[in-house]
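Computed over heavy atoms, backbone and side chain alike; hydrogens, waters and symmetry mates excluded. Lettering of chains follows the sequences in order, A, B, ..., and the numbering in each one begins at 1.
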There are 2 protein chains.
Amino acid sequence: MNEVFKALSDPTRRRILELLKEGNRSAGQIAEAFPIGKPAVSHHLALLKAADLVQSEREGQSIIYSLNTTVFQELLSWVYKLRGTEAEPGNAFGGTHETR
Amino acid sequence: MNEVFKALSDPTRRRILELLKEGNRSAGQIAEAFPIGKPAVSHHLALLKAADLVQSEREGQSIIYSLNTTVFQELLSWVYKLRGTEAEPGNAFGGTHETR
DNA sequence: TTGTTATTTTGATGTTTGTCGAAATATCGA
DNA sequence: TCGATATTTCGACAAACATCAAAATAACAA
């Protein structure tokens, strides 16, 4: 979980996630969207992958990155615990464990 | 918002938040709960305060810290946007804007 | 195999960060 | 005011981090 928060602490990495939200992208396409070099982006992607926030799959010469939304649930749980009100919905219909 | 993520990227600061969830504490009480010195804890508290994650109020010689849960809502919104399913509940009864 | 494209790894550099001890600031009680 | 307690600020330092240019790796095409 520490890796997740560390990964989210950098603005570039958060914008990479927001970009991947729009659709899967190759490492090169992601790099083009930022004013930093490809090695730097590659490094950010490695950190995001280590945190399990993204997945990667080779497709020919390219490597396609995509969001891995499963980890976001853990993140949400952590925030909910702090906030006190234990809503923590898994979907739009209500909580997974109501607290009353 | 960047300050929030930066603040959450350190394990000690996250544990401070979890400690304050149990109840308000003075800076000294917080420092006692961690194996690092008081100046370090004071620094962490300053970052948490700059991120608006905690509030502080002087009470005699002590300064009492408490959670400021309002910022967590922004944090939740950010995660929800990424996750795709726009549930984003403000309470236990459902979303603030259903997406269908 | 040779050359081209896509991506990562390496080595180096400047910046930021977490921590410390010591000093400074603030409040209270005698 | 003086002394004790509580907290923060200062100055310094080592570790971690983001970035770069250059080299290395991997897949494809000719």
Side-chain angles (χ1 to χ4, degrees), chain A residues 1-20 22-68 71 75 78, chain B residues 1-20 22-68 71 75 78:
Chain A
M1 204 56 184
N2 186 40
E3 286 173 310
V4 174
F5 283 106
K6 271 288 200 333
L8 293 176
S9 69
D10 184 80
T12 300
R13 287 194 289 269
R14 290 199 302 277
R15 279 191 285 147
I16 289 176
L17 293 177
E18 288 165 354
L19 179 62
L20 289 178
E22 307 304 316
N24 301 347
R25 298 271 183 334
S26 72
Q29 287 175 318
I30 297 171
E32 283 172 12
F34 296 94
I36 62 179
K38 290 178 180 180
V41 172
S42 181
H43 179 234
H44 287 311
L45 288 171
L47 290 182
L48 288 170
K49 197 176 171 184
D52 235 26
L53 286 163
V54 304
Q55 300 168 325
S56 70
E57 190 182 3
R58 178 170 282 278
E59 196 168 290
Q61 308 181 40
S62 301
I63 295 181
I64 308 296
Y65 282 85
S66 56
L67 278 187
N68 181 15
V71 186
L75 181 57
W78 188 88
Chain B
M1 204 55 183
N2 187 40
E3 286 173 309
V4 174
F5 283 106
K6 272 286 194 355
L8 293 176
S9 70
D10 184 79
T12 300
R13 287 194 288 269
R14 289 198 302 276
R15 279 192 284 147
I16 289 177
L17 293 177
E18 289 165 353
L19 179 62
L20 289 178
E22 306 302 318
N24 302 346
R25 300 271 146 79
S26 71
Q29 287 176 318
I30 297 171
E32 284 173 11
F34 297 94
I36 61 179
K38 289 176 181 180
V41 172
S42 181
H43 178 234
H44 287 311
L45 288 171
L47 290 180
L48 288 171
K49 197 176 170 183
D52 234 27
L53 287 163
V54 303
Q55 300 167 324
S56 70
E57 191 183 2
R58 177 171 282 279
E59 197 168 290
Q61 310 181 38
S62 300
I63 295 181
I64 308 298
Y65 282 86
S66 57
L67 277 187
N68 181 14
V71 187
L75 181 58
W78 188 88

Sequence neighbours excluded, which residues qualify as side-chain hydrogen bond (donor to acceptor under 3.5 Å, both in side chains) partners of A:Glu18? B:Trp78
Can you tell me how far apart CG (A:Leu47) and CG (A:Leu53) are? Round to the nearest 0.5 Å. 10.5 Å
Considering all heavy atoms, the nearest B:Pro11-A:Asn2 contact: CG-OD1, 3.7 Å
side-chain hydrogen bond (donor to acceptor under 3.5 Å, both in side chains) pairs touching residues 53-64 of chain B, sequence neighbours excluded, are B:Lys49-B:Ser56
Enumerate the residues from residues 25-34 of chain A whose closest heavy atom to DNA chain C is under 4.0 Å, giving them by residue number; use none for an empty result. A:Ser26, A:Ala27, A:Gly28
Which donor-acceptor pairs under 3.5 Å do side chains of residues 26-44 of chain A form with protein atoms, sequence neighbours excluded?
{"unit_1": "A:Ser26", "atom_1": "OG", "unit_2": "A:Gln29", "atom_2": "N", "d": "3.1"}
{"unit_1": "A:Ser26", "atom_1": "OG", "unit_2": "A:Gln29", "atom_2": "OE1", "d": "3.4"}
{"unit_1": "A:Gln29", "atom_1": "OE1", "unit_2": "A:Ser26", "atom_2": "N", "d": "2.9"}
{"unit_1": "A:His44", "atom_1": "ND1", "unit_2": "A:Arg13", "atom_2": "NH1", "d": "3.0"}

Set of residues satisfying side-chain hydrogen bond (donor to acceptor under 3.5 Å, both in side chains) with respect to B:Asp52, sequence neighbours excluded: none
Under the side-chain hydrogen bond (donor to acceptor under 3.5 Å, both in side chains) test, residues paired with B:Asn24 that sit two or more places apart: none
To the nearest 0.5 Å, what is the distance between OG1 (B:Thr12) and CG (B:Leu48)? 10.0 Å
Between A:Leu8 and B:Leu8, is any pair of side-chain heavy atoms under 4.5 Å apart? no
Separation between CG of B:Leu20 and CG of B:Asn68, rounded to the nearest 0.5 Å: 11.5 Å
Residue-level proximity of residues 5-15 of chain A to DNA chain D when a heavy atom falls under 4.0 Å: A:Lys6, A:Asp10, A:Arg13
Need two values: the first and the last nucleotide of DNA chain D, 5' to 3', having an atom under 4.0 Å from any heavy-atom of chain A. D:dC17 to D:dC28
Spacing between A:His44 atom NE2 and C:dT8 atom P, to the nearest angstrom: 13 Å
Within residues 47-66 of chain B, the residues having a heavy atom closer than 4.0 Å to DNA chain C are B:Leu47, B:Arg58, B:Gly60, B:Gln61
Apply side-chain hydrogen bond (donor to acceptor under 3.5 Å, both in side chains) to B:Asp10 and list each qualifying residue two or more places apart in sequence or on a separate chain. none
Determine, for nucleotides 20-25 of chain C in 5'-to-3' order, which nucleotides have protein heavy atoms under 4.0 Å from the base (write B), from only the sugar-phosphate (write S), or from neither (write -). SBB---
